[in-house]
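The residues of the chain are indexed from 1 along the displayed sequence.
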Amino acid sequence: MSTLFFDTTKSRKQGHFSGLNRVSARLLDAFSEFEFLELKAVHWSSLKRSYVDSASGKAIGTGKASDLFLTPEVFALRERPFSRGWLQRFKGRTACLFFDAIPFFHPEITWPHSVRRFPRWFTDLGNYDHIFFISSHAREEALKVHELTGLPRVEGTVLPMGCDYMNQQPVNNPGEVPVLLNIGILEPRKGQDCLLSVCDRLWLEGFVFKLVFLGRVNPHYGRPLQERINLLRESGRDIEHVEQADDACLAEWHQRASLAIQPSRAEGFGLPVLESLWAGCPVLASDQPGLDSVPGLKGVQVLDEVSEEAIEAALKKLLEQPELLAALRKSIESKELPTWTDSALFVLQELGLSVNS
């Protein structure tokens with residue numbers, strides 16, 4: 001039996017529910033379903049100069065030729081001393097995920113540490129046997145980085161991303177007062193500045209709705225957004241911000257939401273869009289990479305651009321004509337959406353493992 005060593009070095013310590021952590025958790029759960037595969041969650045130990053079994057604390061050594069190692073985490077190898085040598089000694093196949101090149105293309109609104117790390121991380125991708133891009137857009141971004149900088153060209157395959165996140169699919173059942181839901185870290189690239197301005201004007205015009213943000217605050221760029229949310233709440237607006245939203249919290253708000261609004265300016269994939277659809281919640285979103293990954297995708301109204309004018313026009317129309325929103329919700333075909341089990345099987349097959357689905 002082959003063993004899949006799954007890297008959880010960062011996710012096991014972090015309490016927030018970022019997109020990276022959600023992808024890691026979903027894949028880990030999916031791999032655990034396969035009886036033909038031995039799954040071991042591991043984390044890096046610089047003291048032992050090896051990945052260690054997170055359950056036992058024992059170093060996993062070099063593995064065997066039929067074993068696999070997968071890291072869904074973003075890090076430069078020098079951040080984990082001796083890890084480059086471990087990868088070279090590992091006898092099985094190694095793989096990593098490429099999420100996006102946002103730190104390269106949008107350094108002005110990206111975590112400074114991520115910007116500084118990016119060239120090293122990008123170069124380190126060549127130490128893995130296989131690279132999985134989370135979208136065709138992410139793969140294209142990687143090629144542009146190579147062309148613009150001369151950094152090594154990275155090759156790999158596009159991973160079909162799943163969207164289910166609970167054992168039982170939530171049922172969307174919005175209340176009488178519309179609930180508008182935004183999911184993701186508070187930061188400029190997510191377009192929440194435009195959304196707040198639009199909603200403030202609509203409230204002044206007499207529209208009645210609740211606006212909910214689910215996501216932590218970027219400590220470098222998110223504080224002004226958090227302050228605007230607090231000021232609107234203090235002025236009596238029906239607005240709420242939940243910084244730590246686990247799966248149960250996400251499902252609860254998906255059930256109550258009338259519409260998810262994701263006007264992001266830059267994404268590697270855009271997982272909240274597909275997760276909302278899986279939960280039966282219609283979406284108003286910018287044109288995100290994840291929308292191209294599902295043929296015949298329904299239940300999403302795509303914005304022409306990320307601007308206050310475009311968001312306001314689309315949102316006002318949906319609020320003024322609830323039958324349009326109901327039709328958008330009814331058109332969702334959640335059973336046709338990809339699952340994380342599909343994603344996990346794709347990974348194993350790409351890495352040469354014979355599977356029995």
Side-chain angles (χ1 to χ4, degrees), residues 5-11 14 18-24 27 42-44 46 51 68-90 93-161 184-185 187-190 218 220-221 264-271 288-290 292-293 343 346-347 350-351:
F5 298 103
F6 191 96
D7 185 6
T8 62
T9 305
K10 287 185 176 181
S11 60
Q14 296 174 335
S18 66
L20 271 67
N21 285 348
R22 291 185 65 75
V23 170
S24 178
L27 282 173
V42 300
H43 64 272
W44 177 254
S46 295
Y51 279 92
L68 307 171
F69 170 82
L70 175 66
T71 179
E73 304 196 339
V74 178
F75 63 96
L77 291 176
R78 70 179 65 180
E79 297 170 9
R80 300 181 183 181
F82 311 109
S83 59
R84 190 188 311 274
W86 183 89
L87 282 173
Q88 293 171 348
R89 293 190 302 272
F90 186 71
R93 286 182 56 78
T94 61
C96 64
L97 268 61
F98 184 104
F99 287 90
D100 58 65
I102 290 174
F104 178 81
F105 290 105
H106 301 279
E108 73 283 358
I109 54 174
T110 304
W111 299 64
H113 177 66
S114 297
V115 176
R116 291 192 299 269
R117 170 207 286 147
F118 184 82
R120 299 194 301 269
W121 169 71
F122 191 87
T123 301
D124 286 343
L125 296 174
N127 289 274
Y128 298 90
D129 297 319
H130 197 91
I131 300 170
F132 291 99
F133 298 96
I134 65 167
S135 66
S136 56
H137 175 71
R139 182 169 59 184
E140 292 166 3
E141 281 194 332
L143 180 58
K144 289 180 182 177
V145 170
H146 162 70
E147 294 173 345
L148 292 171
T149 65
L151 288 171
R153 182 185 178 106
V154 294
E155 303 284 355
T157 54
V158 176
L159 171 65
M161 297 275 280
I185 186 172
E187 60 183 15
R189 75 176 175 91
K190 296 290 188 178
N218 183 317
H220 297 282
Y221 304 106
S264 183
R265 296 182 172 94
E267 291 289 349
F269 181 78
L271 185 60
Q288 301 182 20
D292 298 330
S293 66
S343 304
F346 181 86
V347 168
E350 284 294 307
L351 294 180

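- Applying the side chain to side chain contact (heavy atoms under 4.5 Å, CB included) test to Ser135 and every residue at least two apart in sequence or in another chain returns His137, Ala138, Phe269, Pro289.
- Using a 4.5 Å heavy-atom cutoff, the side chains of Trp44 and Thr71 are not in contact.
- With values rounded to the nearest 0.5 angstrom, Phe69 atom CZ is found 9.5 Å from Phe6 atom CZ.
- The closest side-chain heavy-atom distance from Leu151 to Phe104 is not below 4.5 Å.
- No side-chain heavy atom of Leu20 sits under 4.5 Å from any side-chain heavy atom of Pro72.
- Under the 4.5 Å side-chain criterion, counting only non-hydrogen atoms from C-beta, Phe105 is not in contact with Thr110.
- Across every non-hydrogen atom of Phe122 and Pro152, the tightest pair is CE2-O, 3.1 Å.
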- [ ] List the steps, then state whether side chain to side chain contact (heavy atoms under 4.5 Å, CB included) holds for Ser18 with Ile185.
- [x] CA-CA 7 Å; Ser18 66; Ile185 186 172; over 6 Å; no
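- A distance below 6.0 Å separates the ring centres of Trp121 and Phe98.
- Salt bridge absent: Glu155 and Arg139 never bring a charged side-chain N and a carboxylate O closer than 4.0 Å.
- Between the side chain of Ser46 and the backbone N or O of Arg80 there is no donor-acceptor pair closer than 3.5 Å.
- Closest approach of Cys96 and Leu125 over heavy atoms only: SG-CD2, 3.7 Å.
- Between the CE atom in Met161 and the CZ atom in Phe346 there is a gap of 12.5 Å [rounded to 0.5 Å].
- Checked by atom type and distance alone, the side chain of Glu141 pairs as donor or acceptor with a backbone atom of Ala101 at under 3.5 Å.
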Open item on the list: Before you tell me yes or no, could you show the steps for Asp124 and Arg84 under salt bridge (charged side-chain N to carboxylate O under 4.0 Å, His left out), namely the whole-Å CA-CA distance, both residues' side-chain angles and the distance that decides it to 0.1 Å?
Closed with: CA-CA 9 Å; Asp124 286 343; Arg84 190 188 311 274; 3.5 Å; yes
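- Note that CG of Asn127 is 6.5 Å distant from CD of Gln88, once rounded to the nearest 0.5 Å.
- How far CG of Leu70 is from NE2 of His130: 10.5 Å, rounded to the nearest 0.5 Å.
- More than 12 heavy atoms of other residues, nucleotides or ligands lie within 6.0 Å of CZ in Arg120, so this atom counts as buried by the packing criterion.
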Task: Residues Phe90, Tyr51; criterion side chain to side chain contact (heavy atoms under 4.5 Å, CB included); working and verdict - done: CA-CA 10 Å; Phe90 186 71; Tyr51 279 92; over 6 Å; no
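- Among residues at least two apart or in separate chains, side-chain hydrogen bond (donor to acceptor under 3.5 Å, both in side chains) pairs with a member in residues 94-107 are Thr94-Asp129.
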Open item on the list: Run Glu187 and Trp111 through side chain to side chain contact (heavy atoms under 4.5 Å, CB included) and show every step you take.
Closed with: CA-CA 10 Å; Glu187 60 183 15; Trp111 299 64; 4.0 Å; yes
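- Remark: Asp7 CG to Ser83 OG distance equals 9.5 Å, nearest 0.5 Å.
- Side-chain contact between Glu267 and Lys190 is present, with at least one heavy-atom pair separated by less than 4.5 Å.
- Considering only heavy atoms from C-beta on, Leu27 comes within 4.5 Å of Leu97 through its side chain.
- The two residues Ser11 and Asn21 come nearest to each other via the heavy atoms CB-OD1, 3.7 Å.
- Using a 4.5 Å heavy-atom threshold, the side chains of Arg117 and Pro103 count as separate.
- What you find for Val74 and Phe99 is that their closest heavy atoms are CG2-CD1, 3.8 Å.
- With a 4.5 Å cut-off on side-chain heavy atoms, Phe75 and Thr9 do not count as touching.
- A search for side-chain hydrogen bond (donor to acceptor under 3.5 Å, both in side chains) contacts involving Thr8 returns nothing, not counting sequence neighbours.
- A side-chain donor-acceptor contact under 3.5 Å links Arg265 to the backbone of Pro188.
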Task: side chain to side chain contact (heavy atoms under 4.5 Å, CB included) between Leu77 and Leu87, worked out - done: CA-CA 10 Å; Leu77 291 176; Leu87 282 173; 3.9 Å; yes
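- The residues Glu147 and Arg153 are annotated as not salt-bridged, no charged nitrogen and carboxylate oxygen being separated by less than 4.0 angstrom.
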